[in-house]
*Asks:* 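Here you go, one structure.
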Number of protein chains: 2
Amino acid sequence: MAHPRKTPDPVDLPQRARLTPQRLAVVEAIRRGPRSFTVAELYDRARRQEPKLGLATVYRTLELLRRTDAIRPLAGSPRAEYVRCSPGHHHHLICLSCGTVEETELCAAPSDAELRRRHGFAPESHELDVYGTCAECRAA
Amino acid sequence: MAHPRKTPDPVDLPQRARLTPQRLAVVEAIRRGPRSFTVAELYDRARRQEPKLGLATVYRTLELLRRTDAIRPLAGSPRAEYVRCSPGHHHHLICLSCGTVEETELCAAPSDAELRRRHGFAPESHELDVYGTCAECRAA
DNA sequence: ACTGATACTGATAATCACTCTCAGTTACGG
DNA sequence: CCGTAACTGAGAGTGATTATCAGTATCAGT
Ligand SMILES: [Mn+2]
Ligand SMILES: [Mn+2]
Ligand SMILES: [Zn+2]
Ligand SMILES: [Zn+2]
């Protein structure tokens, strides 16, 4: 049994995240780069600003950003890809031809009531990805 | 430059998939087991029927089954999990509490017309996963 | 029933994506 | 300033998946 606690509950976030040059470099590299990226690509770009940057720090920073919904792991695809995300509820349009990811606010998930009635399921969140051909690739 | 070809186009599927005892063992293990499973679990179960089965063959068979939509890699989660799927269009209700995956035919993706009008995007397919609490876990 | 082309197999090495460890460093509230 | 908890990089470690390759088995065509 663990020692009893006074503080509410052990949240596994640090009490306060520090602003370090390494984290800034990673965040900047994400801001400047394309919407979707692999960790290796990001690492390379971030190192241009912070050459001594370690790969572990990149992963640690990605985890922080994921918790604030600033990025999202890209589901489909051959694993190991992230997408920079705008705040707010949205979904992704993924081009099968060029790979670009576009955000859309269009959302038509099954209603909570329907899910509860038909399946006894209480939904909390959902993820929708649409695959197809983007405007640019359709033109070409 | 490659040698010119007479056959239509080099599809990357074999001309004809062979029915081997190893593949049967893997398929049987999937049929009999729970809807979602890891590769390691599947490997163990399939080996009870085909003890000399190699792990590589399991992966190769999973890939074949994925191409026919008989299984689907489970998006969320720490990778390395598959779900046995019924034929036909459907989506997944994933319980955050017990991890079970339930299928639903409920589907309300944005319409093709709306996607085209608002984003110039021509959808071909989509994937929807709903996270929440299943009936059983709600009861408990 | 043969048989040959080629799909398939298991063992094992190799790769990949990520995580852990730890000793030294740094940000920052007080 | 200072103290301390958070953070860092290097590199070892891990677990999952893929590649290699020499031997084997399936099955379409006879
Ligand atoms: Mn939505
Ligand atoms: Mn659907
Ligand atoms: Zn495109
Ligand atoms: Zn449940």
Side-chain angles (χ1 to χ4, degrees), chain A residues 5-7 10-29 36-68 71-83, chain B residues 3 5-7 10-30 36-68 71-83:
Chain A
R5 285 177 167 276
K6 293 107 200 253
T7 44
V11 179
D12 101 334
L13 275 169
Q15 301 172 352
R16 167 147 184 77
R18 289 180 182 174
L19 194 56
T20 67
Q22 291 89 343
R23 285 177 180 173
L24 277 175
V26 172
V27 169
E28 270 311 291
S36 68
F37 55 91
T38 67
V39 176
E41 288 163 6
L42 178 63
Y43 182 41
D44 287 344
R45 270 186 290 115
R47 259 197 301 190
R48 294 212 272 272
Q49 177 175 328
E50 195 67 27
K52 317 223 147 170
L53 183 65
L55 182 55
T57 297
V58 175
Y59 279 104
R60 290 187 281 237
T61 306
L62 286 175
E63 179 57 20
L64 286 178
L65 292 173
R66 205 188 50 70
R67 287 188 196 162
T68 64
I71 62 173
R72 231 183 261 182
L74 188 52
S77 89
R79 135 194 60 262
E81 198 155 357
Y82 283 86
V83 194
Chain B
H3 212 67
R5 286 178 166 274
K6 292 108 200 249
T7 44
V11 179
D12 115 316
L13 275 169
Q15 301 170 354
R16 167 150 183 76
R18 290 180 183 173
L19 193 56
T20 68
Q22 292 87 344
R23 285 178 180 171
L24 277 176
V26 172
V27 169
E28 270 311 289
I30 292 173
S36 66
F37 55 90
T38 67
V39 177
E41 287 163 6
L42 178 63
Y43 182 40
D44 286 343
R45 269 185 292 115
R47 259 197 301 189
R48 295 213 271 271
Q49 176 175 330
E50 195 67 27
K52 317 223 146 164
L53 183 65
L55 182 55
T57 295
V58 175
Y59 279 103
R60 290 187 282 238
T61 305
L62 286 173
E63 178 57 20
L64 287 178
L65 293 173
R66 205 189 49 71
R67 287 187 196 163
T68 65
I71 61 173
R72 228 182 263 183
L74 188 52
S77 87
R79 228 44 42 166
E81 199 155 358
Y82 283 85
V83 195

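Chain naming here is simple, since letters A, B, ... match the order of the sequence lines and numbering starts at 1 in each.
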*Asks:* Using a 4.0 Å cut-off on heavy atoms, which residues in residues 42-63 of chain B reach DNA chain D? List them by number, or say none.
*Replies:*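 Residues of residues 42-63 of chain B under 4.0 Å from DNA chain D: B:L55, B:A56, B:Y59, B:R60.
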*Asks:* From the set D:dT8, D:dA6, C:dG10, return the single nucleotide nearest to any side-chain atom of A:Q22.
*Replies:*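 Nearest listed nucleotide: D:dT8.
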*Asks:* Can you confirm whether A:L53 sits close enough to A:V26 that some side-chain heavy atom of one is under 4.5 Å from a side-chain heavy atom of the other?
*Replies:*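 The answer is yes; the side chains approach within 4.5 Å.
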*Asks:* Which of these nucleotides, C:dT6, C:dC18, D:dT17, is closest to any side-chain atom of A:A80?
*Replies:*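 Ranking C:dT6, C:dC18, D:dT17 by closest atom to the A:A80 side chain puts C:dC18 first.
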*Asks:* Tell me the interatomic distance from A:R23, atom CZ, to D:dT8, atom C1', rounded to whole angstroms.
*Replies:*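 Those two atoms, CZ and C1', are 10 Å apart.
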*Asks:* Whole angstrom is fine here: how far is it from CG in B:L64 over to P in D:dT18?
*Replies:*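 Rounding to the nearest Å, CG of B:L64 and P of D:dT18 are 13 Å apart.
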*Asks:* CZ of A:R16 versus P of C:dG30: gap in Å, rounded?
*Replies:*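 Distance check: A:R16 CZ to C:dG30 P gives 11 Å.
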*Asks:* Would you say the side chain of B:D44 lies within less than 4.5 Å of the side chain of B:E41, judging by non-hydrogen atoms?
*Replies:*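 SC-SC contact between B:E41 and B:D44 ruled out.
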*Asks:* Checking A:E28 now: which residues fulfil side-chain hydrogen bond (donor to acceptor under 3.5 Å, both in side chains) with it, not counting sequence neighbours?
*Replies:*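 In terms of side-chain hydrogen bond (donor to acceptor under 3.5 Å, both in side chains), with neighbours along the sequence ignored, A:E28 is linked to A:R32.
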*Asks:* How long is the line joining CD of B:E41 and P of D:dA16, in whole Å?
*Replies:*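 In whole Å, D:dA16 P and B:E41 CD are 11 Å from each other.
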*Asks:* Checking B:R48 now: which residues fulfil side-chain contact (heavy atoms from CB on, under 4.5 Å) with it, not counting sequence neighbours?
*Replies:*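 By the side-chain contact (heavy atoms from CB on, under 4.5 Å) rule, B:R48 matches B:R45.
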*Asks:* Have a look at the helix from C:dA1-D:dT30 to C:dG30-D:dC1 and give the angle its two end axes make, five pairs each, rounded to 10 degrees.
*Replies:*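 About 50° separates the two local helix axes.
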*Asks:* Taking side-chain contact (heavy atoms from CB on, under 4.5 Å) as the definition, give me every residue that meets it alongside B:P21, ordered by chain and number, with sequence neighbours left out.
*Replies:*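 For B:P21 the side-chain contact (heavy atoms from CB on, under 4.5 Å) partners, ignoring immediate neighbours, are B:E50.
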*Asks:* Write down the distance between CZ (A:R18) and P (C:dG29), rounded to a whole number of angstrom.
*Replies:*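 Rounded to whole Å, this separation is 9 Å.
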*Asks:* With rounding to the nearest 0.5 Å, note down the distance linking CD1 in B:I71 to CZ in B:F37.
*Replies:*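 Taking CD1 in B:I71 and CZ in B:F37, the distance rounds to 5.0 Å.
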*Asks:* Under the rule for side-chain hydrogen bond (donor to acceptor under 3.5 Å, both in side chains), what residues qualify as partners of B:T57, not counting sequence neighbours?
*Replies:*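 Listed in chain order: B:R60.
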*Asks:* Is the shortest side-chain heavy-atom distance between B:E81 and B:P73 below 4.5 Å?
*Replies:*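 B:E81 vs B:P73: side chains apart.
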*Asks:* Rounded off to whole Å, could you give me the CG-to-C1' distance for the A:L24 and D:dT8 pair?
*Replies:*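 From A:L24 CG to D:dT8 C1': 14 Å.
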*Asks:* Measure the OH-CG distance between B:Y82 and B:L42 for me, rounded to the nearest 0.5 Å.
*Replies:*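 Rounded to the nearest 0.5 Å, the OH-CG separation comes out at 10.0 Å.
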